Every structure is written in structure tokens, then in C-alpha cells.
Amino acid sequence: MMRKVRKAVFPVAGLGTRFLPATKAIPKEMLTVVDKPVIQYVVDEAREAGIEHFIFVTGRNKAVIEDHFDVQFELYDTLAQRGKSDQLSRLQRLQPSPGQTSFTRQQVPLGLGHAVWCARELVGDEPFALLLPDMIMQSEKSCMRDMVELYEQTGNNIIAVQECDPAEAHKYGIVGRGETTHTGFRITGMVEKPKPGTAPSNLYINGRYILQPEIFSILESQEKGAGNEIQLTDAMLRLEKRQPFYGYHYQGRTFDCGSPEGFIEANVAFALWRKDLNQGMAGVIRGLLDDYEPLLHRARG
Ligand code: UTP
């Protein structure tokens with residue numbers, strides 16, 4: 001019988017060096033896109049997909065993530081006394097229930113594969129969702145929800161992918177595309193950062209996975225790979241020899257909030273997506289483009 005995907009893992013132990021000095025004391029997952037921290041978008045996506053338990057693999061300087069998902073009695077009480085019921089109910093809607101979250105520490109940032117392995121005891125012997133909190137997504141229906149629906153038809157392992165410019169493929173993990181099945185396709189191989197011109201497709205892995213627990217025993221013996229880190233893709237390649245992997249072609253937008261450009265793009269895109277903000281924001285953006293036109297003109301030469 002197919003086991004339900006009940007748990008999600010969020011690896012948040014990375015150092016965020018691309019975002020220094022902002023991330024010296026603040027975890028990059030706590031930087032805000034409009035008015036929510038990045039990590040909240042990813043947890044909301046998982047919740048919308050029916051996930052019941054949220055597992056965070058954290059590191060030093062990340063304790064504030066745990067505080068963010070805790071009840072803030074004084075704040076809730078003050079909001080209630082001041083009659084700010086809209087703000088209070090929004091906070092309560094986003095609040096996980098007692099016992100719905102778990103936190104473990106990676107201790108040493110040895111790479112994404114190692115961070116995932118650190119969640120093995122908390123996940124146990126069941127399939128799990130893996131969401132990279134750097135990547136946030138925008139679409140009517142959540143990416144993970146579509147993936148869970150595909151999983152319910154195919155079982156095994158699912159990876160979400162999106163198209164990239166073929167000239168950019170060497171920056172990503174790329175999958176090979178096989179036959180179409182249900183709402184997805186069979187993955188025929190994976191390669192992390194292929195050399196220019198060698199990528200099997202332009203479909204890149206966008207940070208959302210459903211994996212079987214067998215990945216943990218593989219990660220246990222996984223050698224260090226690119227960047228001298230334990231790479232998840234290397235372990236998935238070994239698992240792919242034993243179990244099928246299916247691709248889900250996500251059609252929404254993905255923002256890489258681990259880089260300043262992607263983070264700013266996400267802020268603008270989510271402000272434009274919000275009904276209460278988009279008119280004002282559109283005016284602000286047009287005004288800024290007009291003001292900066294001389295500078296942009298000079299930069300274009
Ligand atoms: P990244 O390589 O994008 O994150 O890892 P990073 O190391 O934090 O960022 P830079 O490159 O130094 O700016 C992708 C995801 O894997 C997690 C990160 O937190 C991020 O969500 N990760 C990475 C870990 O949890 N542990 C690690 O050892 C490495």
C-alpha cells in the first residue's frame with residue numbers, strides 16, 4: 001500500500017555566503033519577502049500540500065527560526081487587547097499546532113546531502129517532502145501539492161523541474177526526460193552542473209522533492225562531491241538505479257532568494273501578486289524606472 005507523504009524537511013543550515021553581510025547574524029531564511037520571512041512561504045506551501053509535520057535542519061545562529069514558529073503570548077495578547085483582530089488571526093492561521101514542528105542541528109555544514117541525512121531519525125521509515133527554503137514559488141496551486149498528486153499516481157520519487165535557458169544549464173542540476181506518465185515524466189538521468197553543451201535537457205531541479213526513506217542509507221555512505229560537500233544529487237543518482245524517479249514540470253514562477261537578484265525579484269513579484277498592494281506597487285515601479293532612466297541609459301552606453 002502506498003504510504004502518504006506526511007512529513008517535510010527544510011534544510012536551513014547553510015551559511016548564506018552569497019548574502020553577506022545581511023546573513024552575518026540573521027538567517028537568510030528570515031529575510032522578508034514583502035511582509036513574511038522567506039521560510040514562511042515554504043512552510044505554507046508544504047501545509048497546502050497536506051503536510052502534517054515540519055522538520056527543520058538548522059545550524060548555529062538559526063534559533064530565531066524556531067522562535068518564529070512558536071506562539072508569542074505577549075504579542076497575541078496585546079493585539080487582542082488593542083482590537084487588532086485581523087493581524088491576530090493572520091498570525092494564528094500561520095501558526096503550526098503544538099507538536100507539528102521538529103528541529104535538529106546539522107552541526108557542521110557539510111552540504112545539502114548531509115543536511116538531509118541529519119533528518120533521518122525524525123523522518124523515520126516513510127516517504128517525505130524536501131523543500132529548499134531558498135526557492136520560493138508563485139502559482140495558484142502550490143508546486144508541492146501538484147507533486148503529492150503525481151506521487152499518489154506513480155509512487156516512488158518525484159522531483160520538480162522547470163525550463164532554463166540552455167546557455168544557463170551548467171549552473172543547475174539537470175534531468176533527462178523520458179516517457180510521459182500521468183501529469184509527469186520518467187527521469188532518465190541527472191547531472192549536477194553539466195559542462196556547457198553536455199546537458200541532457202534544459203529542465204533544472206527547482207528545489208522540491210518527494211523522496212523515499214532509502215535515500216538515508218545511501219547518504220550514510222555518500223562521499224563528498226562537487227565543492228567538497230556531500231551532494232544530494234549524487235545520492236539520488238545512486239537511488240535511481242534501484243527505484244524510479246519521476247519529473248513534475250512546474251509551470252509557475254520560482255525565485256532563488258539565496259541570491260540578492262532573486263530576492264529582490266521575489267519582493268517585487270509578490271508585491272505585484274498581492275491584491276492590496278499591486279496598484280500602488282505598479283506606480284512605484286514605473287516612477288522609479290522613469291527617475292532612473294538617465295542612469296540606465298548611461299549604463300547601456
Ligand atoms: P546553498 O548552497 O544554496 O546554501 O544550499 P548556502 O550554503 O546557505 O548559500 P551560499 O551558497 O553560501 O550563499 C541550498 C540549501 O541547502 C541548505 C541551505 O540552507 C539551502 O537551503 N544547506 C546547504 C544546508 O542546510 N546545509 C549545508 O551544509 C549546505
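The analysis underlying the following values was restricted to heavy atoms, covering all of them including side chains, and did not include hydrogens, waters or symmetry mates. No experiment lies behind these values; they were computed from the predicted model shown. Counting starts at 1 for both ligands and their atoms, in listed order.
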J.: Which ligand 1 atoms are under 4.0 Å away from a heavy-atom of A115?
T.: 24 (C), 25 (O), 26 (N)

J.: I need the atoms of ligand 1 closer than 4.0 Å to a non-hydrogen atom of Q106, numbered in the order shown.
T.: 24 (C), 25 (O), 26 (N), 27 (C), 28 (O)

J.: Please list the nearest protein heavy atom to atom 11 (O) of ligand 1 with its residue and the distance rounded to 0.1 Å.
T.: R18 NE, 3.2 Å

J.: Could you measure the distance from the CD atom of Q95 to the NE2 atom of H68? Nearest 0.5 Å is fine.
T.: 8.5 Å

J.: Compare every heavy atom of L272 with every heavy atom of N278, then report the nearest pair and how far apart it is.
T.: CB-O, 2.9 Å

J.: Do R47 and E52 meet the salt-bridge criterion of a basic N to acidic O distance under 4.0 Å?
T.: no

J.: Tell me whether ligand 1 is touched by E229 - counting only heavy atoms on the residue side and a distance under 4.0 Å.
T.: no

J.: Report the distance from atom CG of L130 to atom CD1 of I158, rounding to the nearest 0.5 Å.
T.: 13.5 Å

J.: Under 4.0 Å from any heavy atom of P133, which atoms of ligand 1 are there?
T.: 21 (O)

J.: Could you tell me whether the side chain of L132 reaches within less than 4.5 Å of the side chain of P11, counting heavy atoms only?
T.: yes

J.: Regarding D234 and K224, does a basic nitrogen lie under 4.0 Å from an acidic carboxylate oxygen?
T.: no

J.: I need the minimum non-hydrogen distance between A169 and C164, along with the two atoms involved.
T.: CA-SG, 3.9 Å

J.: Looking at side-chain heavy atoms only, is the closest gap between P27 and V64 below 4.5 Å?
T.: yes

J.: Below 4.0 angstrom from a heavy atom of E29, which ligand 1 atoms are there? Numbered from 1 as shown, please.
T.: 19 (O)

J.: For ligand 1, which part of L112 has a heavy atom less than 4.0 Å away: the side chain, the backbone, both, or neither?
T.: both

J.: Got a salt bridge between R90 and D35, using NZ or NE/NH1/NH2 to carboxylate O under 4.0 Å?
T.: yes

J.: When you compare ligand 1 with G16, is there at least one nitrogen or oxygen pair between them that comes in under 3.5 angstrom?
T.: yes

J.: Within ligand 1, which atoms have a heavy atom of L110 less than 4.0 Å away?
T.: 28 (O)

J.: Does any N or O of ligand 1 fall below 3.5 Å from an N or O anywhere on A13, backbone included?
T.: yes

J.: If we only count N/O pairs under 3.5 Å, is L15 in contact with ligand 1?
T.: yes

J.: Among all protein heavy atoms, pick out the one at the shortest distance from atom 17 (C) of ligand 1; state its residue, atom name and that distance to 0.1 Å.
T.: P11 O, 3.7 Å

J.: Under 4.0 Å from a heavy atom of G111: give me the atoms of ligand 1 that qualify, with their elements.
T.: 26 (N), 27 (C), 28 (O), 29 (C)

J.: Tell me: protein heavy atom nearest atom 6 (P) of ligand 1, and distance?
T.: K28 NZ, 3.4 Å

J.: Does H114 have a heavy atom less than 4.0 Å from any atom of ligand 1?
T.: no

J.: Can you report which non-hydrogen protein atom sits closest to atom 5 (O) of ligand 1, along with the distance?
T.: D134 OD2, 4.4 Å

J.: For atom 19 (O) of ligand 1, find the nearest protein heavy atom and state the residue, atom name and distance (0.1 Å precision).
T.: G14 N, 2.9 Å

J.: Does the protein place any heavy atom closer than 4.0 Å to atom 22 (N) of ligand 1?
T.: yes

J.: For P109, take its heavy atoms, then give the atoms of ligand 1 lying under 4.0 Å from any of them.
T.: 28 (O)

J.: Assess V57 for proximity to ligand 1: is some non-hydrogen atom of it under 4.0 Å away?
T.: no

J.: Please determine if R208 and D146 form a salt bridge, counting it only when a charged side-chain N lies under 4.0 Å from a carboxylate O.
T.: no

J.: Would you mind checking if D44 and R93 are paired as a salt bridge, meaning a charged N to carboxylate O distance below 4.0 Å?
T.: no

J.: Can you sort out which atoms of ligand 1 are near T17, meaning under 4.0 Å from one of its heavy atoms?
T.: 10 (P), 12 (O), 13 (O)

J.: If we check ring pair (Phe, Tyr, Trp, His ring centres under 6.0 Å) with F128, which of these qualifies: F10, Y151, F216?
T.: F216

J.: Can you name the nearest heavy-atom pair linking E240 to G189, along with the distance?
T.: OE2-N, 3.4 Å

